Chemist: 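Before I ask anything, here is the structure I am working with.
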Amino acid sequence: IARYESLKNQVNPHFLFNSLNALTSLIYSDQDMAARFVQQLSEVYRYVLDTQGKEVVPLADEIAFLQSYLFLQQ
């Protein structure tokens with residue numbers, strides 16, 4: 001479990017860095033999409049903070065997280 005946590009902590013900064021770079025591009029090209037991007041990014045991080053340490057998460061929460069995450073990746 002310690003190895004998993006270590007790996008997860010390394011990935012999170014890269015995800016945030018990449019997301020902020022994508023947001024920078026959107027601000028200049030599509031401000032409405034940039035606003036939606038910020039909202040979805042906050043949903044992803046809210047989910048991560050709220051579920052940290054929980055063994056079980058409701059399926060609806062998982063699906064909402066995945067939708068936000070996929071939006072950011074697209």
Side-chain angles (χ1 to χ4, degrees):
I1 293 179
R3 293 177 101 189
Y4 168 72
E5 288 299 320
S6 175
L7 181 60
K8 188 171 75 171
N9 289 334
Q10 291 174 8
V11 171
N12 284 338
H14 293 288
F15 173 73
L16 182 58
F17 178 76
N18 290 339
S19 295
L20 292 174
N21 278 334
L23 178 58
T24 299
S25 297
L26 281 174
I27 287 171
Y28 294 110
S29 64
D30 188 343
Q31 291 180 357
D32 291 334
M33 185 64 75
R36 185 165 178 219
F37 191 93
V38 169
Q39 180 182 20
Q40 296 299 310
L41 183 59
S42 76
E43 292 293 328
V44 165
Y45 273 93
R46 181 177 300 122
Y47 172 85
V48 169
L49 292 173
D50 288 348
T51 61
Q52 192 173 20
K54 291 184 180 179
E55 290 186 29
V56 178
V57 178
L59 182 58
D61 293 351
E62 285 282 317
I63 291 171
F65 164 75
L66 287 173
Q67 289 172 334
S68 294
Y69 182 80
L70 288 174
F71 174 84
L72 296 175
Q73 293 302 310
Q74 290 174 348

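Remember, predicted model here, so these are calculated numbers, not experimental data. What's counted below: heavy atoms across the whole structure, side chains too, no hydrogens, waters or symmetry copies.
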Chemist: Could you tabulate the donor-acceptor pairs under 3.5 Å formed by side-chain atoms of residues 62-73, not counting sequence neighbours?
Modeler:
from, atom 1, to, atom 2, distance (Å)
E62, OE2, Y47, OH, 2.0
S68, OG, Q40, OE1, 2.7
S68, OG, A64, O, 3.3

Chemist: Just verifying a value: how many Å separate H14 NE2 and L16 CG, rounded to the nearest 0.5 Å?
Modeler: 11.0 Å

Chemist: List, one per line, each side-chain donor-acceptor pair under 3.5 Å for residues 54-61, sequence neighbours excluded.
Modeler:
none

Chemist: Can you name the salt bridge (charged side-chain N to carboxylate O under 4.0 Å, His left out) partners of R36, sequence neighbours left out?
Modeler: none

Chemist: State plainly whether one hydrophobic cluster holds both V44 and L49, where clusters connect Ile, Leu, Val, Met, Phe, Trp and Tyr through side-chain heavy atoms under 4.5 angstrom apart.
Modeler: no

Chemist: Using every non-hydrogen atom in the two residues, find where L23 and A34 come nearest and quote the distance to one decimal.
Modeler: CD1-O, 3.6 Å

Chemist: Can you tell me how far CG of L41 sits from CZ of R46, rounded to the nearest 0.5 angstrom?
Modeler: 10.5 Å

Chemist: Among residues two or more places apart or on two chains, list those pairs meeting side chain to side chain donor-acceptor pair (under 3.5 Å) that have a residue in residues 15-33.
Modeler: none

